[in-house]
Amino acid sequence: MTTSPTTAVPAAAPGENGPLRLVLASRLPSRGPVDGAWWPRSRDLQAEACDLVDHFPQLVGQIERLHFSRPDWDAVDGAPSQHRVRAARGPVKTSSSAYDDTHLVVVKMSSGNRLRLLVLPSHTDADLAARAMAQAVDPTNAQAPRTLLGLG
């Protein structure tokens, strides 16, 4: 289970690579610049998005669509964009913008809510990741993703 002092909803059961490294704000959607943070284990969008979709906390809802920031992921077959990922629960539509460098993934939930998740690079130092994830879900956080990652 992935939790933090300000995380109201635990992640679901661990996937094959361990627990989903995800924290969510105690109130969703939040009033801050992000609703949570996700620390994928690789830059493989297909594998990581499937893990996110299949292990997202059921109490929050089911992910219907993902909009991702292209620079966060490796290109597949020469193309940095994918139009869907094939999760165990079925295909999920994805989208991206060629110039999107927000370090966010926006998930559209079955409830209609849209959640903005900070995406930490997979190679992020564990201490930095812990601090950035905690700050992302802090109810007083006003920092944009680039600032949370120390990029701006």
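In this chain, numbering begins with 1 at the start of the sequence shown.
Checked by atom type and distance alone, the side chain of D54 pairs as donor or acceptor with a backbone atom of A88 at under 3.5 Å. The backbone N or O of P121 sits less than 3.5 Å from a side-chain atom of W39, completing a donor-acceptor pair. Looking at T124, its side chain never comes within 3.5 Å of a backbone N or O of A129 through a donor-acceptor pair. Side-chain atoms of R21 come within 3.5 Å of backbone N or O of P40 as a donor-acceptor pair. R43 contributes no side-chain N or O that, together with a main-chain N or O of S122, makes up a donor-acceptor pair within less than 3.5 Å. Judged by distance alone, the side chain of S96 and the main-chain N or O of R70 form no donor-acceptor pair under 3.5 Å.
Residue R84 holds its CZ atom at 11.0 Å from CD of Q46, rounded to the nearest 0.5 Å. Here OG of S97 is found 5.5 Å from NE2 of H67. Values are rounded to the nearest 0.5 Å. Separation of atoms OG1 (T94) and NE2 (H83) is listed at 7.5 Å; rounding is to 0.5 Å. Atom CG of residue L66 and atom NZ of residue K93 lie 13.0 Å apart, to the nearest 0.5 angstrom.
Counting heavy atoms from C-beta on, the side chains of L24 and F56 come closer than 4.5 Å. Proximity of S42 to E48: side-chain heavy atoms (C-beta onward) are separated by under 4.5 Å at one or more points. Side-chain contact between V107 and R116 is absent, with no heavy-atom pair separated by less than 4.5 Å. Between W38 and L52 the shortest side-chain heavy-atom distance falls below 4.5 Å. Here the side chains of V137 and M133 are not in contact, with every heavy-atom distance at 4.5 Å or above. Considering only heavy atoms from C-beta on, V119 comes within 4.5 Å of W73 through its side chain. Put simply, the side chain of L28 reaches to within 4.5 Å of the side chain of L115, judged on heavy atoms.
In terms of heavy atoms, R86 sits closest to C50 at O-SG, 3.2 Å. Residues A142 and P33 share a closest heavy-atom pair of C-CG, 3.8 Å. The two residues A132 and L118 come nearest to each other via the heavy atoms O-CD2, 4.3 Å. Taking each heavy atom of S95 and R65 in turn, the nearest pair found is CB-NH2, 3.7 Å.
F68 and M109 fall within the same hydrophobic cluster, defined by Ile, Leu, Val, Met, Phe, Trp and Tyr side-chain heavy atoms under 4.5 Å apart, directly or through other members.
With sequence neighbours left out, the side-chain hydrogen bond (donor to acceptor under 3.5 Å, both in side chains) criterion links Q135 to N141.
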Full working for side-chain contact (heavy atoms from CB on, under 4.5 Å) between L120 and H103: CA-CA 7 Å; L120 285 89; H103 303 285; over 6 Å; no
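A side-chain contact (heavy atoms from CB on, under 4.5 Å) with L117 holds for exactly one of L22, L104, V34; it is L22.
By the 6.0 Å contact criterion, CZ on R146 is enclosed, its count of non-hydrogen atoms from other residues, nucleotides or ligands being greater than 12.
Comment: D35 does not engage R27 in a salt bridge, judged by the lack of any side-chain N to carboxylate O separation of less than 4.0 angstrom.
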